[in-house]
There are 2 protein chains.
Amino acid sequence: MSINIGMIEDDEDIRKLLGFIIDQSPGYACTQRFASCEDGIKEILTHPPDILLMDIDLPGINGVEGVRTIRKHNTRMVILMLTIHEDDDSVFASLCAGANGYLLKGTPPVRLLAALEDAHQGGAPMSAQIANKVVRYFHQSKGNDLSDREIEILSGLCRGENYSSLADILFISKNTVKSHIKNIYKKLHVHTRAEAVLKARELGIK
Amino acid sequence: MSINIGMIEDDEDIRKLLGFIIDQSPGYACTQRFASCEDGIKEILTHPPDILLMDIDLPGINGVEGVRTIRKHNTRMVILMLTIHEDDDSVFASLCAGANGYLLKGTPPVRLLAALEDAHQGGAPMSAQIANKVVRYFHQSKGNDLSDREIEILSGLCRGENYSSLADILFISKNTVKSHIKNIYKKLHVHTRAEAVLKARELGIK
DNA sequence: ATCAAATTCACCCAATTGGAGGATTGACTC
DNA sequence: GAGTCAATCCTCCAATTGGGTGAATTTGAT
């Protein structure tokens, strides 16, 4: 019995190419191909492949969102992201959302098969760079490295304060508040206030 | 032993006027007067008055914030807000933050004393309008009345989605997303995304 | 049948926000 | 003394957000 590969990828050329490479490899079969999450997720969930290749940049429901949805219902399936740029926030986000690793579009067939084999054995194909980022992220998650002042600011955000009110309360300028918030966002790997507030909750900051 | 009244109010004229009215009334003494939360909170907490009159519109730490801070350390003190406009979100926010009621600046002395008496006996001086708003708020808090679609949107906000991504995911226009979010804000009595997300958590929406 | 909602969409406008730089001070370490 | 970091402040700019108002359609309940 060969390893079943599913694929959600909107670019027809890449879909055909990858499908071809996989089908030509003994022991592998690309049994499901979809152009979008909207088309594929239901089928993927009812008949889960061994490995799912998921494009990151999909129109409509994007890859990260797709992974999140699938992971809600299936924790065993191996999901690998397909991406062009390696150093991308989306890659990081995908891993956080539950992806197992990723493949660069344009990976030579030999290495691609090796990665599939690796993933199927429980490995997590990803570059050292990203791996590092992930490790740092999870290290930080137990014991944040926010300064006292930053925690004070974050706490304010959790009460719904904005730049101005925080500036008034803390007797500093709006620009300084902004500056702190930018640093907080960097440390927490978030880009918006709502995400920061949620992350704060996870970290026990209220 | 007369009833001790504390006051935090930045307008000197009002401070003197109210203080005078209170001191002239048998059984009442305005024993503490401050122009700002920064000046007064420490003293108020170490020597709590029976009733604290707190201006809503204070420079620096505003009245709502002040109430929140005081309530963290003292749950027994009666706190009445001083405000000019009755139909104000801040009044509502103050009550949520732990104030017992409020007084309109410009209330005739007789009614003012009556309100103090009322508050001291455990009453909650407030207009029917605001009272109604509060009641509706607490009714809603056990069992929100958000529609399915609104919960779907709110849930998206909790994942950190923005107008555009939600529009893509739900196949509706950005304007519609915005429209829903505006309605959600109204129903939850919030004005920003961060507040909405926190309220969602309280309501069990994730 | 009518009225009230939920859902969808549009336009306008002001305020806030997020991102990218850079600068200064003070404290602490090596 | 040099280097690092936290905290403070700044400018510029683009994008997002929040609020107001209005309106069409559908659905559901009275």
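All chains are named by letter (A, B, ...) in the order of the sequence lines, taking the proteins before the strands, and each is independently numbered beginning at 1.
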Novice: To the nearest Å, how far apart are R149(A) CZ and dG26(C) P?
Specialist: 17 Å
Novice: Would you find a donor on one side and an acceptor on the other, under 3.5 Å apart, between the side chain of D50(B) and the backbone of N4(B)?
Specialist: yes
Novice: What's the NE2-C1' distance between H189(A) and dG18(C), to the nearest Å?
Specialist: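 From H189(A) NE2 to dG18(C) C1': 17 Å.
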Novice: Identify the residue among L188(B), I181(B), N183(B) that makes a side chain to side chain contact (heavy atoms under 4.5 Å, CB included) with Y185(B).
Specialist: I181(B)
Novice: OP1, OP2 of dC9(D) versus side-chain N and O of N175(A): anything below 4.0 Å?
Specialist: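 Looking at the OP1 and OP2 atoms of dC9(D), neither is under 4.0 Å from any side-chain N or O of N175(A).
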Novice: OP1 or OP2 of dT8(D) versus the side-chain N and O atoms of S173(A): is any pair under 4.0 Å?
Specialist: no
Novice: Between dT17(C) atom P and I184(A) atom CD1, what is the distance in whole Å?
Specialist: 13 Å
Novice: Hey, does the side chain of E43(A) reach the backbone of F34(A) with a donor-acceptor pair shorter than 3.5 angstrom?
Specialist: no
Novice: Hey, what bend do you get for the helix from dA1(C)-dT30(D) to dC30(C)-dG1(D) if you fit axes on five pairs at each end, rounded to 10°?
Specialist: 50°
Novice: To the nearest 0.5 Å, what is the distance between CD1 (I169(A)) and CD (E161(A))?
Specialist: 4.0 Å
Novice: Among dA7(D), dA6(C), dC9(C), which nucleotide sits nearest the side chain of E150(A)?
Specialist: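 The answer is dA7(D), which lies nearest to the side chain.
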Novice: Does H180(B) have a side-chain nitrogen or oxygen under 4.0 Å from the phosphate oxygens OP1 or OP2 of dA6(C)?
Specialist: no
Novice: How close or far is atom P of dG19(C) from atom CG of N183(A), stated in whole angstroms?
Specialist: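 Nearest whole value for this atom pair: 12 Å.
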Novice: As a quick check of understanding, evaluate side-chain contact (heavy atoms from CB on, under 4.5 Å) for L80(A) and L116(A), giving each step before the final call.
Specialist: CA-CA 9 Å; L80(A) 299 182; L116(A) 287 181; 4.0 Å; yes
Novice: Please state how far atom CG in D148(B) lies from atom C1' in dG28(D), giving the value in whole angstrom units.
Specialist: 14 Å
Novice: Could you tell me how far apart L170(B) (CG) and dC9(C) (P) are, to the nearest whole angstrom?
Specialist: 10 Å
Novice: Just by protein heavy atoms under 4.0 Å, how would nucleotides 16-25 of chain D read 5' to 3' in B, S and -?
Specialist: -BBBBB----
Novice: For nucleotides 27-30 of chain C, which of its nitrogen or oxygen atoms have a protein nitrogen or oxygen under 3.5 Å away, and what is each distance?
Specialist:
none

Novice: Measure the CD1-CG distance between I79(A) and L53(A) for me, rounded to the nearest 0.5 Å.
Specialist: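 I79(A) CD1 to L53(A) CG: 10.5 Å, rounded to 0.5 Å.
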Novice: State the CD-CG distance between E152(A) and L146(A), to the nearest 0.5 angstrom.
Specialist: 12.5 Å
Novice: Please name the residue in the list K105(A), R33(A), R15(A), K16(A) that meets the salt bridge (Lys or Arg N to Asp or Glu O under 4.0 Å) test with E9(A).
Specialist: K105(A)
Novice: Please round to the nearest 0.5 Å and tell me the distance separating atom CD1 of I41(A) and atom OG1 of T46(A).
Specialist: 11.5 Å
Novice: How long is the line joining CG of L146(B) and C1' of dT7(C), in whole Å?
Specialist: 14 Å
Novice: Give the rounded distance in Å between these two atoms: CD1 of I153(B) and C1' of dA6(C).
Specialist: 12 Å
Novice: Could you give the distance from CZ (R159(B)) to CG (L154(B)), rounded to the nearest 0.5 Å?
Specialist: 10.5 Å
Novice: Search all heavy atoms of V67(A) against all heavy atoms of M81(A) and return the closest pair with its distance.
Specialist: CG2-SD, 3.5 Å
Novice: Counting only side-chain N and O atoms of T176(B), is one of them less than 4.0 Å from OP1 or OP2 of dC9(C)?
Specialist: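 So the side chain of T176(B) is within the cut-off, an N or O lying under 4.0 Å from OP1 or OP2 of dC9(C).
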Novice: Quick one: pull up NZ in K178(B) and CD1 in I153(B) and give me the separation to the nearest 0.5 Å.
Specialist: 13.5 Å
